[in-house]
S.K.: 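First the structure, then my questions, so here it is.
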Amino acid sequence: MSACTFFGHRECHGLDREILYKAIEERIRQGVDTFYVGNQGQFDAMVYGCLKQLRSIYPSIRVCVVLAYLPTGEAGEDTMYPEIEGHPKFAIERRNRWMIHASGYCLCYIHHTWGGAYKFAKQAKSAGLTVINLGKAEL
């Protein structure tokens with residue numbers, strides 16, 4: 001089993017959905033069968049939309065929306081909550097580290113060198129993941 005995670009800025013102006021779709025499909029063709037995506041912004045929503053569409057073509061892929069916070073109500077389709085502990089203030093950071101450690105690939109959209117998306121894409125690279133950046137920033 002090979003997994004891919006995603007990191008991108010909350011707003012992803014300039015990202016072509018078709019380029020993202022093809023990049024994800026290429027990971028599937030390389031043998032990735034599990035995808036971990038957050039639920040915090042435009043990039044995550046765009047990734048999840050592409051994954052749902054691709055799952056209709058590749059029904060064997062597993063799509064996991066990884067929650068940083070334990071849901072208070074009914075969890076949505078494809079959601080999971082990893083067993084992470086600690087203060088809620090750091091929940092997104094712990095969730096992102098969990099996704100890095102559970103993956104071999106990281107597909108990201110980083111166009112500037114500040115903020116959480118950049119930080120975690122750099123961590124993914126340092127952890128030895130194959131990192132593909134669809135943005136303009138140097139990692």
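Side chains included, hydrogens not; waters and symmetry mates left out as well; all remaining heavy atoms used.
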S.K.: Who passes salt bridge (charged side-chain N to carboxylate O under 4.0 Å, His left out) against E93, sequence neighbours left out?
M.R.: R97, K119
S.K.: With F35, which residues qualify under ring pair (Phe, Tyr, Trp, His ring centres under 6.0 Å), at least two apart?
M.R.: none
S.K.: Would you tell me whether E11 and H13 have side-chain atoms, one donor and one acceptor, within less than 3.5 Å of each other?
M.R.: yes
S.K.: For D78, give me all partners under salt bridge (charged side-chain N to carboxylate O under 4.0 Å, His left out), at least two apart in sequence or on another chain.
M.R.: R55
S.K.: Please answer whether the main-chain N or O of I61 pairs with a side-chain N or O of D33 as donor and acceptor at a distance below 3.5 Å.
M.R.: no
S.K.: Students often mix this up, so state it plainly: with edges at 30° and 60°, are the rings of Y109 and F43 parallel, tilted or perpendicular?
M.R.: parallel
S.K.: My understanding is that only residues two or more places apart in sequence, or in another chain, count here; which of them pass side chain to side chain contact (heavy atoms under 4.5 Å, CB included) with L139?
M.R.: C108, I110, Y118, A121, K122, K125, V131, N133
S.K.: What class does the angle between the rings of Y36 and W98 fall in, given that below 30° is parallel, 30 to 60° is tilted and above 60° is perpendicular?
M.R.: perpendicular
S.K.: In chain order, what residues pass the ring pair (Phe, Tyr, Trp, His ring centres under 6.0 Å) check against H101, with sequence neighbours excluded?
M.R.: none
S.K.: Are the side chain of S103 and the backbone of I100 linked by a donor-acceptor contact shorter than 3.5 Å?
M.R.: no
S.K.: Without swapping roles, check the side chain of R95 against the backbone of V66 for a donor-acceptor pair under 3.5 Å.
M.R.: yes
S.K.: Can you tell if the side chain of T113 reaches within under 4.5 Å of the side chain of E138, non-hydrogen atoms only?
M.R.: no
S.K.: Can you name the one residue among I24, T130, V47 that meets side-chain contact (heavy atoms from CB on, under 4.5 Å) with L107?
M.R.: I24
S.K.: According to a 4.5 Å side-chain heavy-atom criterion applied to Ile, Leu, Val, Met, Phe, Trp and Tyr, with indirect links allowed, do I57 and I19 form part of one hydrophobic cluster?
M.R.: yes
S.K.: Is there a donor-acceptor pair closer than 3.5 Å between any side-chain N or O of H9 and the backbone N or O of H111?
M.R.: yes
S.K.: Using modelled atom types only, decide if a donor and an acceptor are shared between the side chain of R27 and the backbone of A23 within a distance under 3.5 Å.
M.R.: yes
S.K.: Mind checking what makes salt bridge (charged side-chain N to carboxylate O under 4.0 Å, His left out) contact with R10, not counting sequence neighbours?
M.R.: none
S.K.: For the pair E26 and K22, find out whether any cationic side-chain nitrogen is under 4.0 Å from an anionic carboxylate oxygen.
M.R.: no
